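The next block holds one structure in the form of structure tokens; read it before the comments.
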Amino acid sequence: MAPERKNLKNIIILILLIVICITVITVSFRQSDIFTNFRLLTLDYFKPVQEKTFQAFAPVAKFFINLRDYVNLKEKLEALELENALMMKDYSENINLKIENDALRKLAGMDIRSDYQAEAAKVIGYYNTRWQSEIIINKGKSSGVVEGMAVVNEKGLVGIVILASSSTSNVRLLTDPQSSVGARILSSRKLGLVEGGSDKNIYLNYIASGELVFKGDILITSEYGKFVPAEILIGRIKRVGPTGQTLYRQIEVEPFVDFRTLEYVLIIKG
Amino acid sequence: MKILLKFAHFIFLIISVILQLSFLEQLKIFNINIDLVLVTVIGIAVFEGGLYGLVYGFIAGMLLDLMIGQVIGLNALLYCLSGFFTGMIMDAGFKRRMITYILLIFFFTEANILLTGGIYYLFNFTSHTAALGLEMIIKPVCNIVVMFLVFPLLKAGLERSEEIGFKYKDQI
């Protein structure tokens with residue numbers, strides 16, 4: 001084939017593919033469901049191989065993650081020991097409070113809060129760019145998972161299910177710039193929204209400028225979520241911005257969950 | 001033989017998509033990840049030509065978008081453009097040398113970061129300038145390091161095919 005004809009053929013194919021891409025981008029961004037079925041099929045189709053690959057490479061990934069953590073291991077250990085001592089003290093107090101709370105609820109004729117029904121799942125994929133933070137887990141609609149359900153691990157809230165195929169689900173992490181979860185400050189009971197920022201940090205938004213917020217305050221999920229149950233740990237306040245300049249305070253949150261080392265999670269089914 | 005090699009490159013591309021999602025996204029330097037798929041697409045375009053770079057780039061990008069993309073079609077667009085223009089640059093007479101490969105990876109990584117940022121900005125996402133600057137410094141370096149692993153693999157198959165083609169040329 002002559003080089004000119006070959007180039008022309010390439011350019012025609014390029015134009016065709018660009019038109020397809022732009023159409024797909026526009027349609028998908030308008031939240032059309034046309035591509036949902038394709039996405040679900042792709043996720044289900046690649047699940048077995050992805051699960052095996054993730055499993056095979058998990059030790060290597062862990063090794064590199066741990067290598068970075070060794071640098072400040074001593075300070076981390078000291079901080080954890082201190083935190084553990086404080087938590088042990090709180091734990092014994094909490095047991096007494098729970099017994100007292102259950103007794104009072106019984107007296108007042110209210111239901112005693114039961115534990116949530118949860119489904120354990122394994123992380124099989126991870127995608128974390130400046131614009132997006134998601135994981136893929138190996139449970140889907142066939143296990144009763146639906147979009148909107150909260151995903152947690154032993155440390156607290158991980159994210160929300162945004163897409164569920166029959167055997168896998170995509171979970172949007174708290175650090176995703178589009179993530180938004182109703183939250184409450186544990187000490188002051190003030191309500192706000194925990195949202196991901198473009199710098200990969202998470203922020204507590206919509207807390208009025210005049211409100212008193214302290215560094216170290218613990219955040220939990222609010223009771224107003226449709227699927228997300230109340231009182232799940234989110235994180236603690238890391239930095240509070242100055243007051244007076246804006247309508248709301250800028251509050252940075254340090255999540256309890258280490259999103260780099262997620263391996264197993266629980267999907268809260270209600 | 002050539003068809004077999006193209007098929008092998010296609011399988012390599014699919015494996016790179018799987019590896020990107022299952023492994024490389026976890027290995028981050030300052031929150032910046034290696035783009036194995038982009039490196040593979042550029043490699044295929046260098047060794048197979050622009051048409052294969054274009055089509056394979058589109059397929060890999062679309063697969064990535066369907067599996068985890070926020071804006072479906074964005075990676076497909078970026079990868080197919082990268083594949084096509086790499087092929088064009090190689091057709092313009094650049095030699096298959098290490099410095100050419102390094103410059104290609106550097107240029108297309110930077111272009112991809114800027115284009116992604118631009119498109120997300122058009123879709124009303126906020127951009128963090130410091131994070132963008134850091135990504136523009138670190139990501140090309142990471143991709144160039146990965147290139148030293150990926151390109152020899154893609155090239156090895158090609159050299160073998162050329163060798164066999166030459167050996168039996170007179171008998172065909």
Side-chain angles (χ1 to χ4, degrees), chain A residues 3 6-7 9-11 13-14 17-18 20-29 35 38-43 46 49-58 60-62 64-65 68 124-132 134-136 163 168 170 172 176-178 197-200 260-262, chain B residues 14-15 17-29 31-33 35 49-51 53-55 57-58 61-81 83-85 87-88 91 113 116-117 119-120 123 125-132 134-135:
Chain A
K6 190 182 149 196
N7 279 343
K9 190 178 116 188
N10 287 4
I11 289 166
I13 295 172
L14 176 74
L17 291 181
I18 289 175
I20 292 172
C21 288
I22 291 171
T23 313
V24 169
I25 290 171
T26 315
V27 174
S28 76
F29 201 76
F35 296 105
F38 285 114
R39 292 193 72 180
L40 299 179
L41 274 172
T42 317
L43 284 167
F46 280 97
V49 62
Q50 207 181 342
E51 199 169 1
K52 292 275 178 261
T53 320
F54 195 85
Q55 219 169 340
F57 283 99
V60 187
K62 252 188 214 168
F64 282 108
I65 291 164
R68 280 180 295 188
I124 59 167
Y126 191 70
Y127 195 66
N128 190 9
T129 63
R130 268 195 314 128
W131 312 100
Q132 191 180 357
E134 282 181 27
I135 53 169
I136 305 174
L163 185 74
T168 65
N170 286 20
R172 180 176 286 158
D176 187 291
Q178 285 197 304
S198 57
D199 53 358
K200 305 308 279 178
R260 297 171 310 160
T261 54
L262 291 171
Chain B
I14 302 297
I15 292 170
V17 173
I18 302 285
L19 276 179
Q20 182 74 41
L21 291 178
S22 310
F23 175 54
L24 289 168
E25 290 291 334
Q26 296 180 76
L27 300 181
K28 284 186 175 285
I29 304 159
N31 234 343
I32 291 151
N33 59 322
D35 197 342
L51 182 64
L54 170 68
V55 176
F58 175 79
M62 196 52 92
L63 194 61
L64 205 61
D65 285 332
L66 285 172
M67 285 175 90
I68 203 109
Q70 207 160 40
V71 180
I72 302 171
L74 178 62
N75 281 320
L77 178 68
L78 295 175
Y79 290 149
C80 83
L81 284 174
F84 176 76
F85 286 113
M88 256 184 85
D91 287 345
I113 294 168
T116 312
I119 291 170
Y120 271 107
F123 282 114
F125 281 72
T126 48
S127 182
H128 197 257
T129 324
L132 175 75
L134 201 65
E135 192 174 1

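To find a chain, count down the sequence lines: A is the first, B the second, and so on, and within it residues start at 1. Any value given below was found using the heavy atoms of this structure, including those in side chains, with hydrogens, waters and symmetry copies removed. Because the structure is predicted, anything quoted here is derived from the model rather than measured.
- No side-chain heavy atom of A/Thr53 sits under 4.5 Å from any side-chain heavy atom of B/Phe23.
- Here A/Thr168 pairs with A/Ser165 under the side chain to side chain donor-acceptor pair (under 3.5 Å) rule; sequence neighbours left out.
- Shown here for A/Leu14 and B/Cys80, the closest heavy-atom pair between the two residues is CD1-O, 4.4 Å.
- Residue B/Asn75 touches chain A through its side chain alone, counting heavy-atom pairs closer than 4.5 Å.
- Side-chain contact between A/Phe38 and B/Ile72 is absent, with no heavy atoms from C-beta onward closer than 4.5 Å.
- Remark: A/Leu17 CG to B/Leu81 CG distance equals 9.5 Å, nearest 0.5 Å.
- Proximity to chain A (any heavy atom under 4.5 Å) is restricted, for B/Leu64, to the side chain, taken from C-beta onward.
- Taking B/Ala130, B/Gly87, B/Gly117 one by one and counting their heavy-atom pairs under 4.5 Å with chain A, the maximum is reached by B/Gly117.
- In plain terms, the two heavy atoms of B/Phe58 and A/Cys21 that are nearest each other are CE1-SG, 3.5 Å.
- Annotation: side chain of A/Thr129 is not in contact with side chain of B/Glu135 (no heavy-atom distance under 4.5 Å).
- Proximity to chain A (any heavy atom under 4.5 Å) is restricted, for B/Met62, to the side chain, taken from C-beta onward.
- For a residue to count as touching a neighbouring chain, one of its non-hydrogen atoms must lie under 4.5 Å from one of that chain's; by this rule A/Ile11 touches chain B with backbone and side chain alike.
- For chain A, the nearby part of B/Ile14 is the side chain; its heavy atoms alone come within less than 4.5 Å.
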